[in-house]
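Structure, as structure tokens:
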Amino acid sequence: MQIKTGRPVTMGPKGMVPSPHSLASAAGVDVLRAGGSAVDAAIATSAALSVMYPHMTSVGGDAFWLIYDAKTKAVRYLDGGGRAAATGTVEWFKSRGHGEIPFRGILPATLTTPGAVSSWTEAHAAYGRLPLARNLESAIGYARDGFPVTERLAGFIELAAPDLAPHAETMAIFMPGSQVPRAGSTLTNPDLARTLQAIGQHGRAGFYEGAVGAELARFSREKGGFFTEADLKAQHARWGEALQGTYRDLTLYETPAPTQGFTVLEMLNLLEPLGLHTREYLGADHAHLLVQAKQIAYHDRDRHLADPRFADVPMARLISKKYADERRSLMDPARALPWDKVPSYGSLSGDTVYIAVVDAEGNAVSLIHSLYGVFGSAVVAGSTGVVLQNRSAYFNLDPAHPNHVEPGKTPLHTLIASLGFRDDKLWSVVGCMGADGQPQIHLQTYINLIDFGCDIQAALESPRWLSGRFGLHEPRDTLHIEARFPKATIDELERRGHILDRWGDWNEFAGHAHGIVIDPQSGMRYGGSDPRSDGAAIGY
């Protein structure tokens with residue numbers, strides 16, 4: 001769809017919630033106004049998106065959190081990644097002739113257990129102020145009574161229709177009568193409303209055990225899937241340590257392995273000595289140098305990143321300034337860096353939601369919640385109303401690779417979230433959707449904020465590029481770039497040897513990014529929301 005914008009930054013003196021759907025942001029602010037914490041609001045927004053943005057996220061997806069506690073001034077990381085079922089092995093796939101894990105269907109749907117709900121309940125136990133059922137009220141109401149079909153949702157349903165068609169439960173919800181719903185109409189998901197009610201009443205057990213857990217397991221068993229009652233019961237979110245790095249006067253926290261958050265810190269380390277703030281905003285160097293930093297960091301990602309409980313991930317070395325000094329010699333200011341010199345193998349295809357929250361006390365949540373592909377596996381699990389993710393398709397089937405599938409293991413995750421500090425004060429809450437695009441968008445947003453002085457809305461609206469491929473037939477080092485970059489910049493990038501995919505002025509595939517910046521003097525919350533989404537930053 002055509003995108004036109006120029007919206008101002010949103011201000012709120014007490015609280016702020018940006019997300020990719022305006023009604024979900026409103027659900028979060030409603031919880032803040034009712035006395036809820038940043039975590040309560042994040043759960044409300046995440047749940048509402050699970051209903052209203054089903055092509056991007058779901059109760060059946062995974063989630064990763066960075067939580068800032070203003071009283072203790074501590075940043076905590078919460079891993080809500082799903083674990084592989086006990087029967088999920090390389091040998092299972094090899095013995096059945098699979099060279100890779102299928103992207104759609106019952107196999108990726110059930111190879112890993114959904115992790116998001118466990119992360120909701122774990123975060124709520126630590127930081128919630130309102131009852132969990134109160135946080136889920138908006139989501140339950142939209143699922144039961146109807147939620148609006150946006151133009152984007154209708155378009156993605158039409159795009160995904162061949163993948164949805166084999167699954168009766170999926171079609172009944174999203175294509176009733178086998179028709180793509182009209183933008184402006186409503187859809188309902190009463191089964192999901194009942195699942196959310198069970199979570200509200202019984203917490204974690206209301207999803208992974210009881211009637212909902214039994215139905216998830218029954219569906220998996222009868223369809224030839226992986227996870228069982230025991231696998232679901234074993235799924236628990238885990239607290240851990242966030243990664244920390246610096247760029248100029250910014251201290252930046254990112255989510256650790258198995259997520260790719262370290263790549264943002266590595267890219268900033270590679271770029272810091274190059275003085276981007278002395279170069280032209282949206283000039284050729286602004287893109288060219290960032291693209292090369294991306295290529296180097298992603299090469300490291302694909303060599304090393306996996307679940308740290310199963311593989312030795314040399315994280316301290318990868319995010320060190322010394323390592324960046326060694327790797328920077330690969331960068332060429334005059335010519336594009338050939339893919340085969342620093343190869344990486346990911347894909348830009350993927351869909352996710354990002355939620356930022358700051359409450360009146362200054363607590364913050366940076367939350368990323370995803371299915372992976374559009375509508376994930378395209379599978380709705382029986383009578384639960386839950387769309388199951390296909391994140392397990394990111395596992396490798398090479399037993400020598402650190403990211404190969406093993407029972408209890410979480411796959412490499414493209415999901416990342418960030419929190420930034422200046423002068424030891426919380427300054428930014430930033431994140432985005434976009435699979436392999438996520439670190440690239442984090443990088444571009446922070447460079448826009450720090451080096452070029454953009455406000456958060458302008459930083460998110462700034463023309464964007466993504467390096468990599470969306471489809472199998474594209475070169476892996478394709479540089480997709482929005483036409484709002486100056487023509488001279490785009491022409492110079494081509495002259496330097498970049499393989500360009502010249503997008504229009506705006507392209508939704510450039511990702512949905514959202515964020516909050518806090519004014520250090522007044523404490524005003526400035527919210528920004530990506531016009532490439534249906535979102536809004538809403539404050540109070």
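Across Gly437 and Leu466, no two heavy atoms sit closer than the pair CA-CD2, 3.8 Å. For the pair Gln457 and Gly527, the tightest heavy-atom approach, listed with the atom from each and the gap, is OE1-O, 4.1 Å. Closest approach of Ser370 to Arg391, counting heavy atoms only: OG-NH2, 3.0 Å. Pairing each heavy atom of Ala356 with each of Pro18, the nearest pair is O-CD, 2.9 Å. Pairing each heavy atom of Leu32 with each of Gly36, the nearest pair is CD2-O, 3.6 Å. When every heavy atom of Pro258 is checked against every heavy atom of Asp79, the shortest pair comes out as CD-OD2, 4.0 Å.
Between Tyr127 and Trp239, the two ring planes are perpendicular [angle over 60°; tilted spans 30° to 60°]. Taking the six-membered ring where the residue is Trp, Tyr53 and His21 present perpendicular rings, their angle passing 60° and hence far from 30°. Relative orientation of the Trp503 and His480 rings is parallel, given thresholds of 30° and 60° on the angle between their planes.
Other residues, nucleotides and ligands place no more than 12 heavy atoms under 6.0 Å from the CD atom of Glu241. For CZ of Phe509, the number of neighbouring non-hydrogen atoms (other residues, nucleotides, ligands) closer than 6.0 Å is 12 at most. For Asp249, the CG atom sits in a packed shell: over 12 heavy atoms of surrounding residues, nucleotides or ligands are nearer than 6.0 Å.
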Original post:
Run the side chain to side chain contact (heavy atoms under 4.5 Å, CB included) check on Ile518 and Lys425 step by step: do they pass?
Top reply: CA-CA 9 Å; Ile518 300 175; Lys425 293 182 179 179; over 6 Å; no
Original post:
Is there a salt bridge (Lys or Arg N to Asp or Glu O under 4.0 Å) between Arg134 and Asp30 once you walk through the steps?
Top reply: CA-CA 10 Å; Arg134 171 64 181 87; Asp30 178 58; 2.9 Å; yes
**OP:** Before giving the answer on side chain to side chain contact (heavy atoms under 4.5 Å, CB included), spell out for Asn363 and Asp69 the whole-Å C-alpha distance, their side-chain angles and the decisive distance to 0.1 Å.
**Re:** CA-CA 5 Å; Asn363 305 298; Asp69 185 329; 4.0 Å; yes
**OP:** Start with the C-alpha gap between Leu415 and Thr352, add the side-chain angles, then the distance that decides, and say whether side chain to side chain contact (heavy atoms under 4.5 Å, CB included) holds.
**Re:** CA-CA 8 Å; Leu415 301 183; Thr352 301; 3.5 Å; yes
**OP:** Please test Arg327 against Asp300 for side chain to side chain contact (heavy atoms under 4.5 Å, CB included), starting from the C-alpha separation and ending with a verdict.
**Re:** CA-CA 10 Å; Arg327 296 285 275 166; Asp300 288 331; 3.1 Å; yes
Subject >> Verdict with reasoning, His288 to Gln292, per side-chain hydrogen bond (donor to acceptor under 3.5 Å, both in side chains) >> reply: CA-CA 6 Å; His288 176 79; Gln292 294 201 359; 3.1 Å; yes
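With contacts defined as side-chain heavy-atom distances shorter than 4.5 Å, the pair Glu266/Pro439 does not qualify. Looking only at side-chain heavy atoms (C-beta outward), Pro8 and Asp455 stay at 4.5 Å or farther from each other. When side chains are defined from C-beta on, Val59 counts as touching Ile199, because their heavy atoms get closer than 4.5 Å. Under the 4.5 Å side-chain criterion, counting only non-hydrogen atoms from C-beta, Tyr281 is in contact with Asn448. Using a 4.5 Å heavy-atom threshold, the side chains of Glu209 and Leu232 count as separate. At a threshold of 4.5 Å between non-hydrogen side-chain atoms, the residues Lys322 and Glu326 count as touching. At least one side-chain heavy atom of Thr445 sits under 4.5 Å from a side-chain heavy atom of Leu449. A 4.5 Å side-chain heavy-atom check between Phe207 and Thr121 finds every atom pair outside the cut-off.
The only option from His514, His512, Arg464 that meets the side chain to side chain donor-acceptor pair (under 3.5 Å) definition with Asp530 turns out to be Arg464. Each of Val117, Leu136, Leu130 was checked for a side-chain contact (heavy atoms from CB on, under 4.5 Å) with Ile43, and the lone residue meeting it is Leu136. Of the candidates Tyr68, Phe421, Trp65, Phe262, Phe421 is the only one forming a ring pair (Phe, Tyr, Trp, His ring centres under 6.0 Å) with Tyr253.
Judged by distance alone, the side chain of Arg7 and the main-chain N or O of Gly528 form no donor-acceptor pair under 3.5 Å. In this structure a side-chain-to-backbone donor-acceptor pair under 3.5 Å is missing from Asp451 to Leu276. A donor-acceptor pair is defined here as one N or O able to donate and one able to accept, closer than 3.5 Å; such a pair exists between the side chain of Asp40 and the backbone of Ser37. Put simply, the side chain of Arg204 never gets that close to the backbone of Glu122: no donor and acceptor are under 3.5 Å apart. Of the possible polar contacts, none joining the Arg422 side chain to the Leu250 backbone as a donor-acceptor pair under 3.5 Å is found. Formation of a donor-acceptor pair under 3.5 Å by the Ser58 side chain with backbone atoms of Leu371 is not found in this model. Side-chain atoms of Ser119 come within 3.5 Å of backbone atoms of Ala116 as a donor-acceptor pair (strictly under, hydrogens ignored). Looking only at distances, a side-chain donor or acceptor of Asp62 sits under 3.5 Å from a matching main-chain atom of Gly82. With Arg279 contributing its side chain and Leu274 its backbone, the two residues share a donor-acceptor pair below 3.5 Å. Proximity of a side-chain donor or acceptor of Gln260 to a complementary backbone N or O of Thr414 within less than 3.5 Å is detected.
Leu265 contributes atom CG, which lies 5.5 Å from atom CD of Glu254 (distance to the nearest 0.5 angstrom). The distance from atom CD1 of Ile319 to atom OG1 of Thr263, rounded to the nearest 0.5 Å, is 11.5 Å. Atom CG of Leu49 and atom CZ of Phe147 lie 11.5 Å apart (nearest 0.5 Å). In this structure, the separation between CE on Met52 and OG on Ser138 is 7.5 Å, given to the nearest 0.5 Å. For the atom pair NE2 (His55) and CG (Leu153), the distance works out to 5.5 Å, reported to the nearest 0.5 Å. Taken to the nearest 0.5 Å, the CD1 atom of Ile416 stands 6.5 Å off from the OG1 atom of Thr259.
At a cut-off of 3.5 Å, with distance as the only test, no side-chain donor of Gln295 or His299 sits close to an acceptor on the other residue. Side-chain polar atoms of Ser344 and Arg301 form no donor-acceptor pair below 3.5 angstrom. Side chains of Gln197 and Gln201: a donor-acceptor N/O pair is absent below 3.5 angstrom, by distance only. No hydrogens or angles considered: nothing links the side chains of Ser418 and Ser366 as a donor-acceptor pair under 3.5 Å.
Salt bridge annotation for Arg83-Asp307: absent, with no cationic side-chain nitrogen under 4.0 angstrom from a carboxylate oxygen.
Remark: aromatic rings of Tyr446 and Tyr247 are distant, center separation not under 6.0 Å. Aromatic ring centres of Phe64 and His413: separated by under 6.0 Å.
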